[in-house]
Structure formats: structure tokens, C-alpha cells
Amino acid sequence: MNVVTPPPGDELQSLLETVYRRGLDHRNGALADYIPELARVEPDSFGIAIATARGRVYSVGDARIEFTIQSVSKAFAYCLAVEQVGRDQVARRVGVEPSGDAFNAIEFDPHTRRPYNPMVNAGAITVAGILHDRLGAGAFDFLMDRFSRAAGRTLGFDEKVYRSEAETGHRNRAIAHLLLAGGIISNAVDAIVDLYFRQCSILVTAADLARMGATLANMGENPATDDQVFDLQAVRDTQAVMLSCGMYDYSGNWIYDIGIPAKSGVGGGIVGVVNRQLGIGTYSPRLDHKGNSVRGVAAMAALSDELGLHAFECTNIGSSLLDRFLS
Ligand code: DON
């Protein structure tokens with residue numbers, strides 16, 4: 001791995017520290033507790049990491065604390081489904097339209113009966129169905145291998161969170177049965193839901209999320225290991241869906257204010273991708289009422305502003321600053 005430790009006093013590192021200190025002022029939000037085991041984390045943990053598309057990693061705070069990836073997995077699983085069966089096959093079963101509703105909403109496109117997009121639970125369970133149909137019992141190991149290669153290390157798995165969700169995930173099971181009734185997934189419902197629960201229980205850190213984001217930003221190649229982890233076309237599709245749907249019913253505000261393709265999870269993580277430039281990972285488990293990390297959203301907003309990372313930033317102030325860190 002050619003990860004370079006930034007020199008002390010580096011400008012990007014001190015910006016991260018400022019953003020971190022400002023983020024600490026946010027003391028609102030609550031831990032997700034609908035999966036009982038998720039409520040057993042330190043509520044005030046907070047970490048931010050940035051990985052450049054050239055393999056440098058900067059971090060601050062609790063960027064090395066492990067937590068479950070939860071819905072952040074949906075973006076990477078979608079990328080792999082597009083690679084495995086092609087975008088047309090995926091599009092037959094799940095749309096790319098923001099739903100404007102909560103992540104666990106029980107709703108389908110009235111015309112096509114497809115879930116609205118792969119970032120809400122119904123769409124993500126459909127993606128798990130595609131991967132299960134294609135890869136069978138090997139589907140979870142396949143996801144684990146690719147997620148690990150994107151992060152540049154072997155990721156762990158939280159057995160307790162997995163069991164907790166498997167014991168309590170009745171709403172997701174209900175969604176899966178409706179998907180079966182609509183002809184969207186095959187009748188291997190239990191195995192498909194199990195794959196979805198398992199992918200949500202993969203352990204990551206904010207630094208891992210930054211590296212995984214940087215792998216997407218770097219055209220699917222992990223910039224620290226030179227490993228081609230994701231398919232190029234799938235990376236484009238994934239970033240597009242992350243931008244339009246990654247933050248659930250906050251997605252419109254997110255595009256307007258922050259403008260970075262991103263995906264959040266109820267474990268408290270957010271991954272952001274600045275195409276060809278950066279991956280950003282944040283961790284803070286207190287969530288707002290839409291299920292997004294309060295401090296994570298604040299940190300992403302501050303970084304977007306300070307570095308000019310918004311996708312439609314007309315002055316493009318960020319690029320010249322970032323160029324210095326990328327070379
Ligand atoms: O479906 C669930 O309940 C979780 N395993 C994942 C949900 C999630 O992370 C939604 N994110 N905000």
C-alpha cells in the first residue's frame with residue numbers, strides 16, 4: 001500500500017480539524033434503536049477522513065472506530081449488481097427515481113411495480129435478490145471481498161448486529177414478500193433478506209469509507225493498492241444514483257446545499273465521492289429524524305463549502321486547491 005502520511009501542519013489536515021471542532025458543537029440527534037444492538041454504541045463518537053484519488057489519507061477524531069456499514073452498503077452493492085448483470089437487467093427490477101420518502105417506506109412505482117431506487121430498502125433488497133440469483137450462496141463472500149478490496153484491508157463483520165437485525169427485521173421481510181408478489185425478486189426470499197442483513201453488518205471505519213469512496217472517485221481502482229475493484233460504467237451509474245437518492249428524503253436538500261454523491265447509514269456513517277478527486281468518510285451515530293448522521297451531514301456541508309466540492313460549483317474554487325493535494 002502506498003498510503004502517504006501527510007506532513008504535520010498540512011493545510012487539508014488543519015481544515016479537517018477545524019471542521020471536526022465545529023462538528024462537535026452539534027449535540028442533537030438520537031441513536032438508531034429499532035435494531036436493538038445498534039443502540040449499544042458510544043453516542044458522541046465523531047470521526048472524519050478524506051482519501052485522495054492518489055492514495056493519501058487524512059483523518060481526525062474517531063476515524064478508526066468500527067461501526068456497521070448499514071445502508072452505506074447499498075451504493076456499493078448496486079455498483080456490483082450493475083457489473084454482474086448489466087445496467088439494463090438491473091433497471092428492469094429497480095428504478096433510479098428519488099422516492100421522497102423514508103428509507104423503509106413500503107411503496108413501489110405504481111406503473112412498473114419496481115422499487116423507486118436502489119438506495120431505499122425495497123430497492124436494496126431487490127439488488128440483494130439480483131446478486132443472490134447470480135452468485136447463490138457465494139454472494140455474501142463476493143460482497144465482502146469487493147468491499148474489502150475497495151477499503152484496502154480485510155473488513156470485519158458484526159455478528160451481534162446481524163443477529164439483532166435478523167431477529168427484528170420484520171418490515172424488511174414484509175417488503176421482500178411484496179417484491180416476490182410483484183415478480184421483482186425470486187422466491188428465495190429468506191436467503192435474499194439474509195444477504196441484505198449481512199451486508200448491513202459489515203464493519204467499517206470512517207477511514208475505510210473514505211478509501212471506498214476514493215476507489216469510486218478513482219474510476220473504480222483503489223488508488224492505494226492499484227486494484228481495479230469496480231467496473232467503470234457501474235461507477236458512473238452508482239455516483240449518479242448516490243447524488244439523486246443517497247440521502248433518502250433529504251436528497252433534494254443535499255444536492256442543493258452540499259452537491260456531493262453520498263450515501264448514509266443508520267450505523268452513523270456517510271460516504272461521499274468527489275469524482276476523480278476524493279472519497280470522504282464520516283462517522284457519528286446520532287441521527288436526525290431522516291436517519292442521517294447529524295455531525296456527518298454538518299461535516300460534509302462544511303467540507304463542501306470550504307473546498308468548493310459542490311458538483312455545480314460555478315467558481316470551481318475547490319479544484320485549484322485540491323490539485324495541490326492530489327499530486
Ligand atoms: O434496513 C435496515 O433497517 C438497515 N439494516 C439499514 C438501514 C439504513 O441504514 C437506513 N439508513 N439510514
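All ligand and atom numbering here is 1-based and tracks the order in the structure. By convention here, the first residue in the shown sequence is residue 1.
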Atoms of ligand 1 less than 4.0 Å from V266 heavy atoms?
->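 So the answer, numbered in order with elements, is 7 (C), 8 (C), 9 (O), 10 (C), 11 (N), 12 (N).
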Can you check whether Y248 has an N/O within less than 3.5 Å of an N/O in ligand 1?
->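 Yes: some nitrogen or oxygen of Y248 is under 3.5 Å from one in ligand 1.
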Consider every N or O of C200 and every N or O of ligand 1, then say whether any pair is closer than 3.5 Å.
->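 No, since none of the N or O atoms of C200 sits under 3.5 Å from an N or O of ligand 1.
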Consider only side-chain N and O atoms of Y78 and K263, and report whether a donor and an acceptor are under 3.5 Å apart.
->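 Judged by distance alone, the side chains do not pair up.
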Would you say F197 contacts ligand 1, with heavy atoms under 4.0 Å as the rule?
->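 Not so, F197 does not reach ligand 1.
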Quick one: are R173 and V189 in side-chain contact, heavy atoms under 4.5 Å?
->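 With C-beta onward as the side chain, the pair stays apart.
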When the ring centroid of [X] is compared with that of [Y], is the distance short of 6.0 Å?
X    : Y    : answer
Y162 : F197 : no
F140 : F157 : yes
F46  : Y20  : yes

For atom 4 (C) of ligand 1, what's the nearest protein heavy atom and its distance?
->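 Scanning the protein heavy atoms, the shortest distance from atom 4 (C) of ligand 1 goes to Q70 OE1, 3.2 Å.
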So which protein heavy atom does atom 8 (C) of ligand 1 come closest to, and at what separation?
->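 The closest one turns out to be S71 OG, 2.3 Å.
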Please state whether the rings of F67 and Y283 are parallel, tilted or perpendicular, taking 30° and 60° as the class boundaries.
->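 It falls in the parallel class, under 30°.
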Would you kindly specify which portion of N172 sits under 4.0 Å from ligand 1, judged on non-hydrogen atoms: side chain, backbone, both or neither?
->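 N172 to ligand 1: side-chain contact only, backbone stays beyond 4.0 Å.
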